[in-house]
Amino acid sequence: MIQTYDSSLKGSKNTLEDYKDTAWLRSVEQNVNKAQQPGDPDKAGIPLIEAIESDETPLRLLLGTDAISAVRGALNARLNEIDKWEKISVKTDY
């Protein structure tokens, strides 16, 4: 099922040919909801309440396996970069 977003999401009716291969690719008019996202937004409420009511409220709460995967990948990339440049980075120590 493919549906466009509701009418509250609007973009400009004017387009510039110079930007058809760049900015226009991510314009509002190009956004389509294919209803294939892995998470169910209706299920977000309960985990949010559980997190808020917990003894240790998280600074960041990732909702869904896609969010966990994306953040874990970004953090692993940062750790790999730290490891790669550690020998040079520590040269500033006394």
Side-chain angles (χ1 to χ4, degrees):
M1 171 174 138
I2 295 178
Q3 65 189 43
T4 57
Y5 289 100
D6 68 33
S7 61
S8 65
L9 188 61
K10 297 187 185 297
S12 174
K13 292 180 182 171
N14 301 324
T15 61
L16 298 174
E17 185 68 20
D18 291 344
Y19 295 104
K20 71 178 175 62
D21 294 326
T22 56
W24 180 248
L25 295 176
R26 288 300 311 139
S27 70
V28 171
E29 287 76 10
Q30 300 299 319
N31 287 330
V32 175
N33 181 357
K34 297 180 181 175
Q36 295 176 337
Q37 57 270 44
D40 181 351
D42 292 335
K43 293 181 179 178
I46 292 173
L48 288 172
I49 292 169
E50 288 176 0
I52 292 166
E53 291 179 344
S54 71
D55 291 336
E56 294 183 46
T57 304
L59 179 60
R60 292 173 188 85
L61 178 64
L62 303 174
L63 297 176
T65 55
D66 55 332
I68 291 170
S69 178
V71 172
R72 185 171 279 138
L75 292 174
N76 282 332
R78 284 185 177 195
L79 288 171
N80 289 337
E81 184 178 28
I82 290 169
D83 292 342
K84 178 179 179 179
W85 295 101
E86 184 174 10
K87 288 180 182 174
I88 290 175
S89 297
V90 299
K91 289 181 179 182
T92 61
D93 291 350
Y94 282 103

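Here the structure is a predicted model, which is why all the values come from computation and not from measurement.
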Contact summary for Pro47 and Leu61, nearest pair of heavy atoms: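 Scanning both residues, the minimum pair turns out to be O-CD2, 3.9 Å.
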Closest heavy-atom contact between Asp66 and Leu63?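 Shortest heavy-atom separation between Asp66 and Leu63 comes out as OD1-O, 3.9 Å.
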Sequence neighbours left out, cut at 3.5 Å: what donor-acceptor pairs do the side chains of residues 75-93 make with other protein atoms?
unit_1: Asn76; atom_1: ND2; unit_2: Arg72; atom_2: O; d: 3.3
unit_1: Asn80; atom_1: ND2; unit_2: Asn76; atom_2: O; d: 3.3
unit_1: Ser89; atom_1: OG; unit_2: Trp85; atom_2: O; d: 3.0
unit_1: Thr92; atom_1: OG1; unit_2: Ser89; atom_2: O; d: 3.3

Given the rule that I, L, V, M, F, W and Y join up when any side-chain heavy atoms are under 4.5 Å apart, are Val71 and Ile68 in one cluster?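 Looking at the clustering, Ile68 is in the same group as Val71.
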